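Computed from a predicted structure; not experimentally measured.
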Amino acid sequence: MHPQHANASVGKNSLIMAVGTAASRVTGQIRSILLAAAIGTTGIAANAYQTGSTIPQVIFTLISGGIFNAVLVPQIVRTLQHHDAKDRLNKLITLAMALLIGITATMMFLTPLITRLYVNPNWDSQQRALVNAFTLWCMPQIFFYGVYLVLGQILAATGRFGMYAWSSVFANVISCAGFTVFIVLFGNASRRPLDFWNAQTLALTAGSWTLGVAVQALVLFIPLMKIGLHYRIRWGLRGLGLRSMGRVAAWSLAITAIDLVIGMITSQINTGAPHAAGDLYNVAGNGSYQYAYSLFILPYSLIAVSITTAAFPKLAQSISKHRIDQAQHDLFSSLRLVVLCMVFFSAALIVMPVPIIRALLPSVNLHDAALISGPLIGLSVALLPASVFLLAQRTFYAFEDGRSTFLVALVQVSVQCVLMLLSVVIMPPQWWASAVGWSIALSNAAAMPYLFIRLRRRMPHMHHDALTLARTLLYSLLAGCIAAGVCWIVLHELMAIWHISASAAGVMSWVQAVVICIIGSVVMIVLYGGILHLCKVPEVRTLLTMVKQKLLRR
């Protein structure tokens, strides 16, 4: 495939994924607003729900980042090249569903034990029972997330990105409906006694979210039938090529183990911070951290995940055909796009975190927004290295190289673990959630040099592309720092004129927060884009050319 055609294909598919992801994130943000209005961001209920709903997602993320993405997804790309592709795909889907049913059932049975690993020992038995209840209602999501991933990757490998990109909107809409009914019936339940939570209230919160995830997965059978694949249960491993992926699977399981440990430590610290400080409502805990993470994930999923999802099938195909130069070109083109976007979003989130939180979560008051801003700033710094790691990880999997992914992850997790444990020892509990965010950023950055050393072993001729990427990074950081500095000065003067403040004891209405975000965004976009254009960064000039062509056509 010609490089320009390849870029156009990746760009078009990335755009489709980005638009669908944007719709998903908009509805997801509405869901977060309603969730905060229903159970708040601090207190036992908020921390219990965030922990219970996060555990299944963590478990599946580990599975998908390991066994599924390392083993099954590359085999989907290879399977499509065979004459009996439909039969092989039916076997792959059946195998995936059987694995997911087994994993989900096991996790549901072990829920009380698993929550003990994620919840700080300071929680009493009634508080733990609430976490167990939320977790149990959410555990079936593991199965449906897995079905969504496998079916979505089949559609992506065949160039059908539409429904895959938009199906998560269904999950958010159904969950929003459940939270809306909850608010109408019960109002804000952040300070309700623990016996308030029963089958009805659990069903409207955790249950509606699980139902939405189920619909998100099952609707993908519709476009699957449109491409001629009518799923039938087919058992058997012969012809799937899984034996050759055994070593990759072993390394992936090792990554799963270390990520699981770091996730538990993170949750223990976040759930323990309010109890250690003796203040459940004025110290950032797991609820505040998870809301910060939900804002961090907006640009991450919109840009990094969309680009990676669109580029991965092409990377896997090029590597399977030993077209390393083509795979290298696609990888570094994607990395440069990620750098340009992530530096901007990091700068914006760092310079105006509280206004952004207030604007995107209007149901959160200024006090709680200030608590969320602590971990959000640290996570914002992690945007770029985490996105680069995601693309590199998928590239290693395309090479059937699980060892490199494990070694890089081991470096990252080791640094993160040390930083988090040190923060608990030397910092007061009020700073623990923020320290978790910063530990993710610093550990990802620390692992980057080693990541590229391992990548060079697979792409020995990447010197020129690496220099181009480094130049793009340098210009982006320069533009981001200047844009952020000017934006901070402008917003500081503006807030002084309006007599508003971003501190926990200050005053800032939702309308004022939105206006501040709009003004700050305009300032940053003009300066960031302008500086990069003056520096003649190729991707910016290409983007401007595409916009001009679109406008002229209209």
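Partners of Asp325 according to the side-chain contact (heavy atoms from CB on, under 4.5 Å) rule, which considers only residues two or more places apart in sequence or in another chain, do not exist here. Checked against side-chain contact (heavy atoms from CB on, under 4.5 Å), Ile531 has the following partners two or more places apart in sequence or in another chain: Ala479, Ile482, Cys535. With sequence neighbours excluded, the residues satisfying side chain to side chain donor-acceptor pair (under 3.5 Å) with Arg31 are Tyr49, Ser175. Partners of Ile377 under the side-chain contact (heavy atoms from CB on, under 4.5 Å) rule, at least two apart in sequence or in another chain, are Ile350, Pro353, Trp438. With sequence neighbours excluded, no residue satisfies side chain to side chain donor-acceptor pair (under 3.5 Å) with Gln216. Shown here are the side-chain contact (heavy atoms from CB on, under 4.5 Å) partners of Arg454, two or more places apart in sequence or in another chain: Phe396, Arg403, Ser404, Leu407, Val408, Tyr450, Arg457. Applying the side chain to side chain donor-acceptor pair (under 3.5 Å) rule to Tyr289 yields no partners; only residues at least two apart in sequence or on another chain are considered. Applying the side chain to side chain donor-acceptor pair (under 3.5 Å) test to Asn270 and every residue at least two apart in sequence or in another chain returns nothing.
Minimum heavy-atom separation, Thr27 to Cys176: O-SG, 3.8 Å. Pairing each heavy atom of Ser32 with each of Tyr291, the nearest pair is O-CE2, 3.7 Å. Contact between Val351 and Cys487 at its shortest, heavy atoms only, is CG1-SG, 4.0 Å. Minimum interatomic distance between Ser439 and Ser443 (heavy atoms only, all atoms of both residues): O-OG, 2.7 Å. Nearest approach of Ile324 to Arg458, heavy atoms of both residues: CG2-O, 3.9 Å. Considering every non-hydrogen atom in both Ser318 and Gln326, the closest pair reads OG-CG, 3.7 Å.
Residues Thr405 and Phe399 are not in side-chain contact: their nearest non-hydrogen atoms beyond the backbone lie 4.5 Å or more apart. With a 4.5 Å cut-off on side-chain heavy atoms, Leu149 and Tyr145 do not count as touching. At a threshold of 4.5 Å between non-hydrogen side-chain atoms, the residues Cys417 and Ile265 count as touching. Between Thr266 and Gln416, some side-chain heavy-atom pair lies under the 4.5 Å cut-off. Counting heavy atoms from C-beta on, the side chains of Arg358 and Val364 never come closer than 4.5 Å. Annotation: side chain of Leu474 is not in contact with side chain of Leu478 (no heavy-atom distance under 4.5 Å). For the pair Leu473 and Leu384, the minimum side-chain heavy-atom distance is below 4.5 Å.
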Inset, instruction - Could you please spell out the steps behind the side-chain contact (heavy atoms from CB on, under 4.5 Å) verdict for Leu361 and Thr41? - result: CA-CA 11 Å; Leu361 294 170; Thr41 63; over 6 Å; no

Inset, instruction - Could you give me the CA-CA distance, side-chain angles and deciding distance for Leu455 and Leu331, then say whether side-chain contact (heavy atoms from CB on, under 4.5 Å) is met? - result: CA-CA 11 Å; Leu455 191 61; Leu331 171 63; 3.8 Å; yes

Inset, instruction - Verify side-chain contact (heavy atoms from CB on, under 4.5 Å) between Asp368 and Leu371, making sure each step is shown before the conclusion. - result: CA-CA 5 Å; Asp368 290 345; Leu371 293 179; 4.2 Å; yes

Legend entry - side-chain contact (heavy atoms from CB on, under 4.5 Å) between Tyr300 and Leu379, worked out: CA-CA 11 Å; Tyr300 179 81; Leu379 289 169; over 6 Å; no

Show me, pair by pair, the donor-acceptor contacts under 3.5 angstrom made by side chains of residues 510-527, not counting sequence neighbours?
{"residue": "Trp510", "atom": "NE1", "partner": "Ala359", "partner atom": "O", "Å": "3.0"}
{"residue": "Gln512", "atom": "OE1", "partner": "Ser509", "partner atom": "N", "Å": "2.9"}
{"residue": "Gln512", "atom": "OE1", "partner": "Ser509", "partner atom": "OG", "Å": "3.3"}
{"residue": "Ser521", "atom": "OG", "partner": "Cys517", "partner atom": "O", "Å": "2.7"}

For residues 338-346, please give each side-chain donor-acceptor pair under 3.5 Å, one per line with the distance, not counting sequence neighbours.
{"residue": "Ser346", "atom": "OG", "partner": "Met342", "partner atom": "O", "Å": "2.9"}
{"residue": "Ser346", "atom": "OG", "partner": "Ser380", "partner atom": "O", "Å": "2.7"}

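Between Asn444 atom CG and Leu383 atom CG the span is 10.5 Å, to the nearest 0.5 Å. To the nearest 0.5 angstrom, Leu295 atom CG is 8.5 Å from Ile356 atom CD1. Once rounded to the nearest 0.5 Å, the distance linking OG1 of Thr395 with CG of Leu390 reads 9.5 Å. Considering CD of Gln50 and CD1 of Ile55, their distance stands at 11.5 Å, rounded to 0.5 Å.
For Phe296 and Tyr293, the distance between ring centers is under 6.0 angstrom.
Remark: the backbone N or O of Gly263 is not paired with any side-chain donor or acceptor of Ser267 at under 3.5 angstrom. Side chain of Thr308 to main chain of Val305: no donor-acceptor pair is present (N/O by atom type, distance under 3.5 Å, no hydrogens or angles).
Screening residues 459-477 for side chain to side chain donor-acceptor pair (under 3.5 Å), with sequence neighbours left out, gives Gln328-Asp465. The list of ring pair (Phe, Tyr, Trp, His ring centres under 6.0 Å) pairs with a residue in residues 477-497, not counting sequence neighbours, reads Trp488-His492.
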